[in-house]
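This report refers to the structure that appears directly beneath it.
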Amino acid sequence: MSASDSQELRYNPQAVEAKWQQIWEKEKTFRAVEDRQREKFYCLVMFPYPSGRIHMGHVRNYTIGDVIARHQRMLGKNVLNPMGWDAFGMPAENAAKKQNSAPSRWTYANIDAMRQELKTMGLAYDWDRELATSDADYAHWEQALFLKLFDRGLVYRKKSLVNWDPVDQTVLANEQVIDGRGWRSGALVERRELSQWFLRITAYADELLDGLETLPEWPATVRTMQANWIGRSHGLEFSFDLEGLSEKLPVYTTRPDTIMGVTFCSIAAEHPLARRVADQNPEIAAFIQECMKSGTSEESLERLEKKGFDTGFKAIHPLTGERIPVFIANFVLMSYGTGAVMAVPAHDQRDFEFAQVHGLPIRIVIQPPGQTLEVATLREAWTGPGIMVNSQLFDGLDHETGKTQVMDEFVRRGLGRRRTHYRLRDWGISRQRYWGNPIPMIHCERCGVVPVPEADLPVSLPEQVDLHVQGNPLDHLATFTDVFCPQCHGPARRETDTMDTFMESSWYYLRYCCRDFQEGPLDVDRVNYWMPVDQYIGGIEHAVLHLLYARFFHKALRDEGLVASDEPFRRLLTQGMVRKDTLFCSEHGWRYPVEVAEEGGTLVCSACRQPIVVGRNEKMSKSKNNVVDPAELIRGYGADTARLFMLFAAPPQQDLEWSDTGVDGAWRFLNRLWRLVRDVAVLVPGIAPAQTTPDEPGLKELRTKTHETIDKVGRDLERFGFNTAIAAVMELVNVGTRWLSENQTPEGNPQALAVLRELAETAVLLLHPLVPHITEELWQILGQGKPLAFQSWPKADPQALVRGEITIIVQVNGKLRAKLTVPADIAQADLESLAHHDPAILGNLQGKTVVKTIVVPGRLVNIVAK
RNA sequence: GCGAAAGUGGCGAAACUGGUAGACGCCCUGGACUUAGGAUCCAGUGCCUUCGGGUGUGGGGGUUCGAAUCCCCCCUUUCGCACCA
């Protein structure tokens, strides 16, 4: 037993963490101040919805962000690392209904609770910049931005489809529609048209797509997903004449090369032509009604069994003059293109299936290279490349050339035009809900739609509101809706739609830059100092919507002169989910681990003794009883253990599997670190860290390892390899600990003490961004006055990295047969000869003839022999 | 349905541009120690083995001196799909 084992020198995370959190808070260590002399670094994590408790997903997200922010700070950057709350949204309304309380009360109480929890994680935030999107000033300036967009023509109203619950008389979110029924009422959901507010994101479609190429530090997967989402396609738009009707049927196609294979047309259920027929034909009206009884999501539409109904109309093929039928089909989207398509069953799978069901002709017009398709044996559509056939003057053309020539022919004859279409639709921002930012508009019978004058902003949410009414509560509040028209001063009605919460998250990163600015939404100077965000971190589930809306909003504000950059987020990291096993009992449903017992080697439900089905790792979720409460973890092990486990268990982009024993492992490592640094600290008062490498082999190895670790951890953090960075420091700590136990009395060896101090300080410095509390404390124990938060990141000494000897592997026919330890600067010929004369190799080569020898310098020798 | 990813020991994972597969950690086995601690330390730990070696990165082919890594086909799992945030 040594004196250093005494009680007060044991690692006590609770005391250490409280101590440093208080110091950081009191000293405002992480307050960010604009300083044009210094290089800035804006580190941003996706802000949370204030659900009331933080969960492991938050812990992971904010730990990753914190490591990056603290690392950049040590690299000398002026770091902005803010935190706030995405505070509007449906859950507050649902909770308030349940508790007979107000959404704002519920929300702000949750924020207070979550802020408290977050503070126990030791995150390096500038809390002075905290914001909640439901704050009066945030809502105010968002309304002002909305009006600016309105002035620029980027806001308009149009009819669009919503999920309508006929019993509750309310609009449902897609997630509130379960198997086609309303989650509360259980009523069959209908598609219904409503006048709604839209932002013209499609005006920026090209820039949003092309801009992806300026974002090399975004994950390729996210860029691909956004590109697919925008879905720019080049094609042909033309119209079919309709027999006996004056109007035409416009269609859009990306496959003009299949024009001669058209055997019918399909239109959406909402298509005007479909409605026309419905008026006269009750059967068709019933079919359209049937189509309207599915959700509005693209998924639900496309998963439908392909169904259709003949309208009786005949369209005239523009090139052949052939009469072809027009069908209503439930898989045609009114929101894409013209809501009508030319159908080519031989070369489109959906058309193929549809034609089979309805007995429609199939005509092959593209023959794939090397085969000949026949209608009689066709089992599925051929959508690949090929040569055009049965296409008159286009016969024999490669289908790509054919595309161009068919379009040229249509344009030349005035039958159609080339068009670029997008899958991207304009952004519907109207929500028929109370707890959101009001859309600042007024409806006047005489003047039409009139914006609320800027001087009258903000339009505030009324606090006294009955949430239990059907539909949008704001509709029923005369004190809110009854206003005078700002133009004619006559009686008018206030808009009651509130904004999509994606509006708030589209510009919060800008408001953080100038949280206290009161003259307008944004203080341009400060915003332009901090922007763009250098590192954005959040869940992959936001790959498309939030990240696309925010990019659009940013570009629109740029054109308004409020920001200078073209893109808001320079570098993006999308982290995976936190998952854990689930335990399911057929009798009692999802069980908590404590509700499960082990009997005879199998798990059973402790209530009913039924066997438990252990689920694969699933996303932590309250409903599945597989959540681990971060607060409990932090109370038990401390924030540093929680952070270390999160960072070590998996690379950040990947899903993380929860493991209680893994947490123990993290805890044990911090204790090993603590003991090593404490033991070194006892030995090295007054000793400076080593500046040069001693000649003694053991010390030389220690110092080389120290600097190799600096080198590796630096590179690892750069590429978010937190797990391998930790592994590298673990190796360093293991090496240091072993050296210390094998060299009991290094007191008389100043060189050894200097190397030891350098090793211990290095481990502490390198780990500081990851586990900030314990490292601050150890830094102090090492006798350092200035906190680690103000220290610079260590630099590897290039001379210490040079190794004299290296290990070379020797292979015979690609298989490992021997290892050689050779001088690092060995000549290639010497190495080759050494390999050929190695006893193990000689044995292996017996009876074989050497064909050739491949030498990879510094790595291996491969002898090819027969 | 469309789109995007991922498959490596008992488990989480590592392997820079094709060059020692399994670093680091967990679990487990054997041993040591005792201020009995959330211990700690030492040794072992992919599989098979006649102890020479053989074999092994979801499956099947291919390219290469050499493939977890590159190419083709197949299988499985996860995520997103516009009113959840």
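Chain letters run A, B, ... following the sequence lines, proteins first and then strands; every chain starts at 1.
Contacts of E504(A) with the nucleic acid, taken as non-hydrogen atoms under 4.0 Å apart, are absent. In this structure, A649(A) reaches the sugar-phosphate backbone alone: every heavy-atom distance under 4.0 Å involves primed, P, OP1 or OP2 atoms, never a base. Among the heavy atoms of the strands, none lies under 4.0 Å from N671(A). At the heavy-atom level, F669(A) lies nowhere under 4.0 Å from the strands shown. In this structure, W427(A) reaches neither bases nor backbone, as no heavy-atom distance under 4.0 Å exists between it and the strands shown. Using a 4.0 Å heavy-atom criterion, one finds that E299(A) contacts the bases of the nucleic acid, with or without backbone contacts as well. R223(A) comes within 4.0 angstrom of nothing in the nucleic acid, heavy atoms only. Residue-level contact check: F331(A) touches neither bases nor backbone, having no heavy atom under 4.0 Å from any strand. Within the nucleic acid shown, F648(A) comes within 4.0 Å of at least one base atom, counting heavy atoms only.
Annotation: salt bridge (Lys or Arg N to Asp or Glu O under 4.0 Å) contacts of D716(A) (sequence neighbours excluded): K712(A), R719(A). By the salt bridge (Lys or Arg N to Asp or Glu O under 4.0 Å) test, E541(A) is found to be paired with no residue, residues two or more places apart in sequence or in another chain being considered. Annotation: side chain to side chain donor-acceptor pair (under 3.5 Å) contacts of T737(A) (sequence neighbours excluded): none. Partners of T849(A) under the side chain to side chain donor-acceptor pair (under 3.5 Å) rule, at least two apart in sequence or in another chain, do not exist in this structure. For D351(A), there are no salt bridge (Lys or Arg N to Asp or Glu O under 4.0 Å) partners at least two apart in sequence or on another chain. Under the salt bridge (Lys or Arg N to Asp or Glu O under 4.0 Å) criterion, R738(A) pairs with no residue, sequence neighbours left out.
For N174(A), whose side chain is taken as the heavy atoms from C-beta onward, the closest listed nucleotide among rA82(B), rA14(B), rG37(B) is rA82(B). With distances taken from any side-chain atom of R431(A) to the nucleotides rC83(B), rA85(B), rC41(B), the minimum falls on rC83(B). With rU20(B), rA13(B), rA85(B) as the candidates, the nucleotide lying closest to the side chain of L816(A) is rU20(B).
Projected onto RNA chain B by closest heavy-atom contact, G636(A) and R350(A) fall at different nucleotides, the more 5' of which corresponds to R350(A). Positionally, the nearest nucleotide of RNA chain B for W667(A) lies more toward the 5' end than for the other of W667(A) and H542(A).
For the residue pair Q226(A) and W218(A), no side-chain donor N or O sits within less than 3.5 Å of a side-chain acceptor on the partner. A donor-acceptor pair shorter than 3.5 Å cannot be found between the side chains of E832(A) and Q828(A). With no hydrogens or angles considered, a side-chain donor-acceptor pair links R672(A) and N734(A) at under 3.5 Å. Looking only at atom types and distance, the side chain of D165(A) has a donor-acceptor partner in the side chain of S185(A) under 3.5 Å away.
For an aromatic pair to be called close, the ring centres must be under 6.0 Å apart, and Y204(A) with W427(A) fails this. Not less than 6.0 angstrom separates the ring centroid of Y637(A) from the ring centroid of F645(A).
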Strictly under 3.5 Å: I want the nitrogen or oxygen pairs between protein and nucleotides 63-67 of chain B, one per line.
from: rC65(B); atom 1: O2; to: N862(A); atom 2: ND2; distance (Å): 2.5

Would you tabulate the nitrogen or oxygen pairs shorter than 3.5 Å linking the protein to nucleotides 26-32 of chain B?
from: rC26(B); atom 1: OP1; to: R668(A); atom 2: NE; distance (Å): 3.3
from: rC26(B); atom 1: OP1; to: R668(A); atom 2: NH2; distance (Å): 3.0
from: rC26(B); atom 1: O2'; to: T661(A); atom 2: OG1; distance (Å): 2.5
from: rC27(B); atom 1: OP2; to: R668(A); atom 2: NH2; distance (Å): 3.3

Review item, nucleotides 2-5 of chain B N/O atoms under 3.5 Å of protein N/O:
from: rG3(B); atom 1: O3'; to: N228(A); atom 2: ND2; distance (Å): 2.9
from: rG3(B); atom 1: O2'; to: N228(A); atom 2: ND2; distance (Å): 3.1

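A heavy-atom distance below 4.5 Å is found between the side chains of Q432(A) and Q196(A). Residues M90(A) and E175(A) have side chains in contact (heavy-atom distance under 4.5 Å, counting atoms from C-beta outward).
In rG53(B) the base sits anti relative to the sugar, since the glycosidic angle is further than 90° from 0.
Side chain Q432(A) to base rC83(B): a donor-acceptor pair is found below 3.5 Å.
The separation of rA13(B) from rC26(B), taken at their P atoms, amounts to 16 Å, rounded to a whole angstrom.
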Could you run through nucleotides 47-58 of chain B and give me one letter per nucleotide, 5' to 3': B if any protein heavy atom sits under 4.0 Å from the base, S if only the sugar-phosphate is that close, - if neither?
-> -------SS---

When every nucleotide of nucleotides 70-76 of chain B is labelled 5' to 3' by its protein contacts under 4.0 Å (heavy atoms), B for base, S for sugar-phosphate only, - for none, what sequence of letters results?
-> -------

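A close approach under 4.0 Å does not occur between any side-chain nitrogen or oxygen of N723(A) and OP1 or OP2 of rA23(B).
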Strand RNA chain B as a dot-bracket string - pairs counted if Watson-Crick or G-U with both distances under 3.5 Å, | where the partner lies in another strand = (((((((..(((......[....))).(((((.......))))).(((....)))..(((((..]....))))))))))))....

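Between F722(A) and F720(A), the ring-plane angle classifies as tilted under the 30° and 60° cut-offs.
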